[in-house]
Amino acid sequence: MEITKAVIPAAGLGTRFLPFTKAVPKEMLPVLNKPAIQYIVEEGINSGISNFFMITSKSKEALANYLDSSPCLDMFLQERGKDKLLDKLNRIIRQANFTYVRQSEPLGLGHAISMARHSIGKEYFGILLPDDLIFGKQPGLDQLIKIARQEKASVIAVQEVPREAVSSYGIIAIKKQITPNLYQVGQLVEKPSQKDAPSTLAIIGRYVLSHKIFESIDEISGSATDEIQLTDAISNMMNNSEKVLAYKIQGQRFDTGTPLGWLKANIHMALQDPDYAPAIKEMLNDLGSININAHVVKPKR
Ligand code: UTP
């Protein structure tokens, strides 16, 4: 079973990162020296994806421009002996195809995924949410693809979160633990209260799903009163006897859809990079050795 297609839904409004996202897509925010979208595409390529379907909106033109060749810029840099600068980006552009599908209204993640149905056909496919950056030895999506191929089932990525945080996530109820990190899902609960959460395993932004998800999205769309949620469509697919597994993904994950998550991702990446690490370590040491409270600005009333 080959999994070579992935959907990147990027048509959301990015309200948690306003005002920046008023004019610039959050996927273009730099994490160290590259925009978030490049890490996502690199993860996909390193997981065997060769066809990306990006769900975009009117304000996200920059994404298509970024993932396109730029002959004038290439020539300009080549003439000045600086062609290596663009090499990394051009390499991913050469390695994969990118198709853009417009979602004219942000009607929810489930709706965004349904926009790719004609491109996917009857296959299993990956989904990479561009807000979630995952850094580790093995690419996040690749971890799911290996399990999906082995088990011939849909697999969603999960991560252990503190109980206080469950109401920000979709949480899984475990039907059966298969290995220390792999579970069969019994139920999915979107943003439960602490007392109603069936576990502390939260769904994060990587999925490998059966094409049956498209029928399932159709089925729930009729009754949806608000946004069409992907978790609801996955739950519905399970009710239709489709097996869904959850894998505790290995690696460090950052939610770059919020300023704090984005800042943490930058510090993490800087600490991994020999060019930046010494200066950042020194800065963190300096901050640690002074009275941190002196730097805390009291919130305005
Ligand atoms: P989020 O809800 O996390 O992101 O959606 P958002 O809507 O962009 O940002 P906030 O919550 O307002 O700050 C998860 C992913 O699904 C995409 C988003 O672009 C994001 O990558 N999405 C969401 C769509 O493509 N279309 C939608 O209608 C909703």
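Whatever order the structure lists ligands and atoms in, that order sets their numbers, starting from 1. The shown structure was predicted, so the numbers you read here are calculated from the model rather than taken from an experiment.
No donor-acceptor contact under 3.5 angstrom links the side chains of Glu215 and Asn240, judged on distance only. Defined by atom type and a distance below 3.5 Å, a donor-acceptor pair is present between the side-chain atoms of Thr200 and Glu160.
If you look at Phe125 and Phe214, their ring centroids are closer than 6.0 Å.
The protein heavy-atom contact nearest to atom 26 (N) of ligand 1 is Gln103 OE1, 2.7 Å. Remark: minimum distance from atom 21 (O) of ligand 1 to any protein heavy atom is reached at Pro9 O, 2.8 Å. Of the protein's non-hydrogen atoms, the one nearest atom 18 (C) of ligand 1 is Gly12 N, 3.6 Å. Shortest contact from atom 13 (O) of ligand 1 to any protein heavy atom: Arg16 N, 2.7 Å. Closest protein heavy atom to atom 8 (O) of ligand 1: Lys26 NZ, 2.8 Å. Scanning the protein heavy atoms around atom 16 (O) of ligand 1, the nearest turns out to be Leu109 CD1, 3.4 Å. Protein heavy atom closest to atom 25 (O) of ligand 1, with residue, atom name and distance, is Ala11 N, 2.8 Å. For atom 14 (C) of ligand 1, the closest non-hydrogen atom of the protein is Leu129 CD1, 4.1 Å.
There is no protein heavy atom less than 4.0 angstrom from atom 2 (O) of ligand 1. Distance screen at 4.0 Å: atom 5 (O) of ligand 1 has no protein heavy-atom neighbour inside the cut-off.
Not a single heavy atom of His111 lies less than 4.0 angstrom from ligand 1. A heavy-atom separation below 4.0 Å is not found between Glu227 and ligand 1. The shortest heavy-atom distance from Pro130 to ligand 1 is under 4.0 Å.
Below 4.0 Å from some heavy atom of Leu107 lie the following atoms of ligand 1, by number and element: 28 (O). Numbered from 1 in the order shown, with element, the atoms of ligand 1 that lie under 4.0 Å from a heavy atom of Asp131 read 3 (O), 4 (O). Every atom of ligand 1 with a heavy atom of Thr15 under 4.0 Å away is listed here by number and element: 9 (O), 10 (P), 12 (O), 13 (O). Close approach to Pro106 involves these atoms of ligand 1, each under 4.0 Å from a residue heavy atom: 28 (O).
Under the 4.0 Å criterion applied to side-chain N and carboxylate O atoms, Glu242 and Lys152 are not assigned as salt-bridge partners. One finds no salt bridge joining Asp132 and Arg206 here, because no Lys/Arg side-chain nitrogen approaches an Asp/Glu carboxylate oxygen to under 4.0 Å.
For the side-chain contact (heavy atoms from CB on, under 4.5 Å) test with Ile203, the passing option among Ile171, Ile172, Leu129 is Ile172; the others fail. Applying side-chain contact (heavy atoms from CB on, under 4.5 Å) to Ile234 and the options Val185, Asn239, Ile220, Ile213 leaves one that passes, Ile213.
Here Leu13 has backbone heavy atoms under 4.0 Å from ligand 1, and that is the only part of it that gets that close. With a 4.0 Å heavy-atom cut-off, ligand 1 is reached by no atom of Glu105.
The option with the heavy atom closest to atom 28 (O) of ligand 1, from among Ala112, Ser57, Gly108, is Gly108.
With a 6.0 Å cutoff to the six-membered ring centre and a 45° limit on the axis angle, Arg102 does not count as a cation-pi contact of Tyr100.
For Gly14, a nitrogen or oxygen atom sits less than 3.5 Å from a nitrogen or oxygen atom of ligand 1, counting backbone and side chain alike.
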